[in-house]
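Convention: sequence-line order gives letters A, B, ...; per-chain numbering from 1.
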Amino acid sequence: MASAKKQRISWQSMNASSRSLDQKSRAVNGVKNTLLGLFRFVIIVGISYVILAPVIGIIAHSFFSRQDSINPMVFTVPINPTLERYTMAVKYLDYLPILGRTLLYVFGVTLIQLLICSMVGYGFARYQFPLKKLLFGCVVVMIVVPLNTIQFPLYMTFRYFGIGSNTVNLLKTPWPTVILSVFGCGLRSGLYIYIFNQFFRGLPKEIEEAALVDGAGSWYTYFHIMLPNAAPALITVAVFSIVWQYNDSFFANTFNISDSIILTRKLDSLINVIANAEKILTISEQQLYFDAGVVLVLLPVVIIYLVLQRRFIEGVERSGIVG
Amino acid sequence: MSAAKKRKFRLNYEQRNAMRGYAFILPWLIGFLVFYAGCLFQLVRFSVMDIKIDATTGTRLDTFVGFDNFITAFTAHASFKQVLTSSLIDMVIDLPLIIFFSLFVALLLNRKFRGRALVRAIFFLPIILSADAVGSAITRATELMNNGVSAQAAEMAGGGAVSVSYYISLFGDLAIPPTILEYLVGAVNRIASIIKGSGVQIILFIAALQSIPGSLYEVAKIEGATGYETLWKVTVPMVMPHIITNTIYTLVDRFTTSEVMRLANETYQKYNYGLSSVFSLVATTATILILGVIVYLLNKRAFYYN
């Protein structure tokens, strides 16, 4: 009996000690969590500053008037803000017409990329055929060996495009980009094919089996059943493709695509055009016009990104693009 | 008999399936063979050629010169060797920094906290701001903003605000090997370029972290693993295959924007086509070799969940 009592006491004391331990650890945890939260906050603010600082700088400078640009006391907030930089940049960039053509070009190429890359990815994911491993290896080669390596042969291909002696010069037109995209060799097509392949492999096979039993052909199955189900991957690739194609300078420079189609190329010559036309000689003031031009050029793609942003990240998370 | 003959030409299910597969990948297959493989072959051919384009008629004249271009590149050219080695070294140095940084940020962003959507939107901005055309403006604005308001004020007041080299020498007194110290100082100096270069990698890592089954973390918690142990025993092994994906992506990305590719591009714009082909050929081969070694080493340590 004595031993039973002793046991009870020791059990109680153990219980009490564990409770106090629990309290202590909870307090420690609370401190730890606060510290971790603080640490995370500091890091996030710091990195965000590194990313946002140039953006803030550019936007601020695009509103500077001449006095502000000379005044050493003005750092980011202009004292006499002006919209003159923007009116000039819009005028000399020929902004709206060229933006329209650029967006047409970018969206057109993106649509082609989506269609072709999803088709190829689907073919690799769902069908068995001879040499499949080798061919998929070629897709990986396309990712690893960038188009930059074959820049000069590509230039030659489209400088003398055609068979034998019947060649056309396709430079300065958007056709090289379109042709390459149609044949699955566009800007980072290898990566997109890879993403779609991963995504389709993750979809349950039963969907297609049901479609097959119901008498759907493989094209019908692909267009009416698989593509609508591939929305997360489509959004992911669409955002990548729009942003990269819009920012691309490789295709634009290699094929010398006319700057009446590509806004970023027009931006390259903006400083010189404005300096000559408006007789602006100080470099610091020329830069202000360029800053306004940069804001104008980046604005559409930032808007597109912000609109698609939430669905894009969901798409990345759900499409398992890396699995 | 005619029925039997007919049956001979009819494909069985497997063959029909294979034909459908080929039909799906056909556009890419043609493109790959004609443009990609064709251009790679052309690149090799051009590298042993001397190419001249007549400016007025546009006709091309190729003459076979053997390994002359290679010999020029490695012995006579003023800067190729230095540029090649320095860009390769830069790629290898930046790689671990970018991988660790993007994994770290992905872990940070993967937790739920207030304002996460905004923070994510900010962190992926560098992908949008990566356009070459706006690059000069961004660099200039970075320099302008880098020092911040306080530095500007300090500059105007005269006299330096903080002597960084003094603090660095303090670490030297702690007997940290100078090479490691230099690497870390270099890493801090590169932080802007590392942040700029890791937007896509962060996205890939977030996707990877989301795909780790939650049950693994539950098990780890029940077994009494600390957060630190969970990170190294669960998270890192699970994202190892994605580290390989990210390594490939990072190396290729760094390669396309490297100095040596810029040199090749400049050479080709000076109508020196053969030499330019040699530059891209050598640089690409070297990059692929490095990539192969790194991926091989990582692959040995990788663990595939399914």
Side-chain angles (χ1 to χ4, degrees), chain A residues 40 43-44 47-48 50-54 56-58 75 116 119-120 122-124 127-130 138 142-146 148-154 156-157 180 182-185 193 218 243 247 249 264 267-268 290-291 294 297-298 301-302 305-306 309-310 313 316-317 320-323, chain B residues 17-18 20-22 24-25 27-28 30-32 35-36 39-40 42-43 46 108 117 119-123 125-128 130-134 137-138 140-142 144-145 149 152 191-192 195 203-204 206-208 210-211 242 245 248 252 255-256 261 265 268 273 276-277 280 284 288 291:
Chain A
R40 189 166 61 214
I43 295 260
I44 286 177
I47 297 173
S48 302
V50 173
I51 296 170
L52 287 180
I56 295 170
I58 289 175
F75 183 61
I116 299 295
M119 238 169 72
V120 176
Y122 179 69
F124 274 117
Y127 289 97
Q128 295 302 324
F129 44 85
C138 291
M142 271 178 69
I143 299 175
V144 175
V145 179
N148 302 50
T149 303
I150 51 171
Q151 184 176 25
F152 175 55
L154 271 180
M156 280 300 180
T157 309
L180 282 175
V182 166
F183 288 104
C185 293
I193 292 175
S218 49
V243 169
N247 286 342
S249 60
T264 48
L267 184 66
D268 285 338
F290 189 62
D291 285 335
V294 167
V297 166
L298 286 180
V301 76
V302 169
Y305 170 71
L306 287 181
Q309 189 253 129
R310 186 158 296 208
I313 290 166
V316 168
E317 284 172 356
I321 55 174
V322 281
Chain B
N17 226 354
R20 286 200 196 109
Y22 279 126
F24 271 109
I25 68 163
W28 168 80
I30 296 171
F32 181 80
F35 295 118
Y36 228 94
C39 285
L40 276 177
Q42 291 274 49
L43 185 73
F46 287 153
L108 213 63
V119 172
R120 282 184 173 185
I122 292 174
F123 275 53
L125 261 188
I127 305 175
I128 296 177
S130 65
D132 275 1
V134 302
I138 300 261
R140 199 169 40 76
T142 314
L144 272 176
M145 302 290 289
V149 185
Q152 190 127 345
I191 191 80
I195 291 175
I203 291 181
L204 293 179
I206 287 182
Q210 293 281 330
S211 68
H242 312 304
T245 318
I248 297 173
V252 173
F255 171 64
T256 52
M261 287 316 277
N265 192 9
Y268 131 77
Y273 300 119
S276 158
S277 304
S280 9
T284 311
I288 290 177
L291 190 65

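The shortest heavy-atom contact between V144(A) and V252(B) is O-CG2, 3.6 Å.
Note: V294(A) leads V294(A), V297(A), L306(A) in heavy-atom pairs under 4.5 Å with chain B. Per-residue counts of heavy-atom pairs under 4.5 Å with chain A were compared for A121(B), P126(B), S276(B); the largest is that of A121(B). Contact tally against chain B (heavy-atom pairs below 4.5 Å) for T264(A), I58(A), V50(A), L267(A): the top residue is I58(A).
The CZ atom of F129(A) lies 13.5 Å from the CZ atom of R20(B); values are rounded to the nearest 0.5 Å. We find the CD-OH distance between Q151(A) and Y268(B) to be 4.5 Å, quoted to the nearest 0.5 Å. Distance CD1/I25(B) to OH/Y127(A): 12.0 Å, rounded to 0.5 Å. Note that the CD1 atom of I150(A) and the OG atom of S277(B) stand 11.5 Å from one another [nearest 0.5 Å]. With rounding to the nearest 0.5 Å, the separation of OG1 in T245(B) from CD1 in I143(A) is 9.5 Å. Rounding to the nearest 0.5 Å places CD1 of I44(A) at 9.5 Å from CD1 of I122(B).
Under the side-chain contact (heavy atoms from CB on, under 4.5 Å) criterion, N148(A) pairs with P146(A), F250(A), T256(B), M261(B), sequence neighbours left out. The side-chain contact (heavy atoms from CB on, under 4.5 Å) check on P27(B) picks up I116(A), M119(A), with sequence neighbours excluded.
Here the side chain of Y36(B) pairs no donor or acceptor atom with the backbone of C138(A) at under 3.5 angstrom.
F24(B) places none of its side-chain heavy atoms less than 4.5 Å from the side chain of V120(A). Counting heavy atoms from C-beta on, the side chains of P130(A) and Y22(B) come closer than 4.5 Å.
S280(B) and T149(A) form no side-chain donor-acceptor contact under 3.5 Å, judged by distance and modelled atom types alone.
Looking at L298(A), only its side chain comes within 4.5 Å of chain B, counting heavy atoms on both sides.
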Evaluation steps, side chain to side chain contact (heavy atoms under 4.5 Å, CB included), between F183(A) and F35(B): CA-CA 9 Å; F183(A) 288 104; F35(B) 295 118; 3.9 Å; yes
Working for side chain to side chain contact (heavy atoms under 4.5 Å, CB included), residues F152(A) and L43(B): CA-CA 8 Å; F152(A) 175 55; L43(B) 185 73; 5.5 Å; no
